[in-house]
Amino acid sequence: MEKLLRASALLLASSSLLVAHAQLIAAGGSCGFAVCGDGIAWVWGINQDGELGNGTISPYSEVPVQVSSFIGAFAIAEGIGFSLAVKSDSTVWVWGVNGNGQLGDGTTTDSDVPEQLRSVTGRGAVAGAGYGASVALKGDGTAWAWGSNTAGGLGDGTIIDSYSPVQVGSLTGLVAVSGGGAHTLVLKNDGTVWACGLGSSGQLGNGTSNSSNVPVQVNSLTGAVAIAGGGLYSLALRNDSTVWAWGANDSGQLGNGTNTNSNVPVQVSSLTGIVAVSAGYYHGMALKNDGTVWTWGYNGFGALGNGTYISSNVPVQVSSLTGVVAVAGGFYYSMVLKNDGSVWTWGYNVYGQLGNGTLNESNTPGQLLGLCTSTTVVAERSVDASILISPNPTNGTVTIDDQDRSGLKAVEVTNTMGQRIGSSSFNGLRAMVDLSAQPSGIYFLSIRGAGRSFSRHVVKE
């Protein structure tokens, strides 16, 4: 699930110091992206077209650098050469390469700093497709896309690039979006999956190898709760915690024990208890409810993270990783977020996309250091530190205290797919959210009232 990847903003505060942990991660072509608990965004990797968003152009940065004047994202995504983010006020921001209009600002001019995409607001998800397209989910349940459209991935019935957002078909009731190499996936609230764009390897999942410039329904797939688009293949997570795949399979990307393409969904072998999925360009990733990570597909640069460089057409466990709450697959590399707020990376690293200060590839996970460094309580208070959320992580009920007595009114709870799962009202200075019936994972709290609106994240253990 390009899905939206979230973890807790853990407030481990002393009288004068707050430790900021990562809360969101995303992996793209050759860039990594994280947002910390203090709302500050960090990017690392290639920077030839302003991908880092820090106002510079350079070959790359092998360590995280701060995105210029950008704070408070709750959904992020990476394409190849460009980045997208949605802030808690539902505004969409973009930066990086723009040769095909993937920034959606009506031009083909690159931007090395974030710019607001004023023509669309995003409810809970954004996605970047590899060949230069972007897609955002709006609050009314529609999807809007822009950029490259050679194979019809924008879903607007044409194959003409669009430098500003166009609606993806006439679909409504959408709860998630994801971009593949040159195809787009959307998930409806009835659990069906729809796809448009390049279909040459069966990645649209409709029983053909034909491309389509309008969304077509993926065959025989119901109960889907998450989607992820890879290079020439697609993934879906069902509500029974199984994973299904379709499309190209030359490197075992479908994870079903074969190397044969499939134009209809097939089940990824031996995976149960899965709570999240991500599709790298040539490898898949799945997060189990025990905090372990499983990968399959191409492994020539170590993206599977199991200590080898041997590709696998069945899932293998990533070495020595537990306590993981989010996964993100990129172009030959992988990234995860742990429940202590730390970020770990492995795989291809020629542009510093592992963010570890080197250009050396690795076939086992290594912690990314220098990310989400400490900051003062004063800096955090300017964002939302006046709100105390506890316990976090939680096994059940979360309490939200309005310490500044600022008149907060309501809390809306959504899962990592942007699906609304509940709400609560403030009784005086306190609101309570019961997550005891929800599966382990990450949940987003949208807190509103007295002219304020902001977001926080909670981990359900």
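Just so you know, these numbers come straight off a predicted model, no measurement behind them.
When only modelled atom types and interatomic distance are considered, Ser83 and Glu78 share a side-chain donor-acceptor pair under 3.5 Å. Looking at Asn249 and Ser262, their side chains never bring a donor and an acceptor atom within 3.5 Å of each other. Side chains of Ser251 and His283: a donor-acceptor N/O pair is absent below 3.5 angstrom, by distance only. With no hydrogens or angles considered, a side-chain donor-acceptor pair links Ser58 and Asn47 at under 3.5 Å. For Ser362 and Asn349, the side-chain atoms include no donor-acceptor pair closer than 3.5 Å.
Asn100 contributes no side-chain N or O that, together with a main-chain N or O of Ser148, makes up a donor-acceptor pair within less than 3.5 Å. With hydrogens and angles ignored, the 3.5 Å screen pairs no side-chain donor or acceptor of Asp49 with any backbone N or O of Glu51. Judged by distance alone, with hydrogens and angles left aside, the side-chain atoms of Ser201 form no donor-acceptor pair with the main-chain N or O of Ala248 at under 3.5 Å. Panel note: side chain Asn259, backbone Asp250; a donor-acceptor pair is recorded below 3.5 Å.
The six-membered or imidazole ring of Trp93 lies away from that of Phe82, with a centre-to-centre distance of 6.0 Å or more. If you look at Phe33 and Trp44, their ring centroids are not closer than 6.0 Å.
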key: side chain to side chain contact (heavy atoms under 4.5 Å, CB included) assessment of Leu321 paired with Val336   = CA-CA 9 Å; Leu321 265 187; Val336 300; 3.7 Å; yes

task = Test Leu187 against Trp194 for side chain to side chain contact (heavy atoms under 4.5 Å, CB included), laying out the working first.
result = CA-CA 6 Å; Leu187 172 63; Trp194 298 68; over 6 Å; no

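A pairwise comparison of heavy atoms in Asn363 and Thr308 identifies CB-O, 3.4 Å as the closest pair. Between Gly307 and Thr364, the closest heavy-atom pair is CA-CG2, 3.7 Å. The two atoms that bring Leu171 and Lys188 nearest to each other are CD2-CD, 4.4 Å, heavy atoms only. The nearest pair of heavy atoms linking Val218 to Pro265 is CG1-CG, 3.5 Å. Residues Gly199 and Ser211 come closest through the heavy atom pair N-OG, 3.1 Å. Pairing each heavy atom of Gly305 with each of Pro365, the nearest pair is O-CD, 3.8 Å.
When each of Tyr332, Tyr348, Phe331, Tyr333 is tested with Tyr281 by the rule ring pair (Phe, Tyr, Trp, His ring centres under 6.0 Å), just one qualifies, namely Phe331.
Within the model, atoms OG of Ser269 and CG of Asn313 stand 7.5 Å from one another, a figure rounded to the nearest 0.5 Å. Between Thr358 atom OG1 and Glu62 atom CD the span is 8.0 Å, to the nearest 0.5 Å. The distance from the CG atom of Asn263 to the CG atom of Asn219 is 8.0 Å, given to the nearest 0.5 Å. Interatomic distance, Leu185 CG to Cys196 SG, rounded to the nearest 0.5 Å: 8.5 Å.
Heavy atoms from other residues, nucleotides or ligands lying under 6.0 Å from CZ of Phe301 number more than 12.
In this structure, Ser61 and Leu52 have side chains that are in contact, with non-hydrogen atoms separated by less than 4.5 Å.
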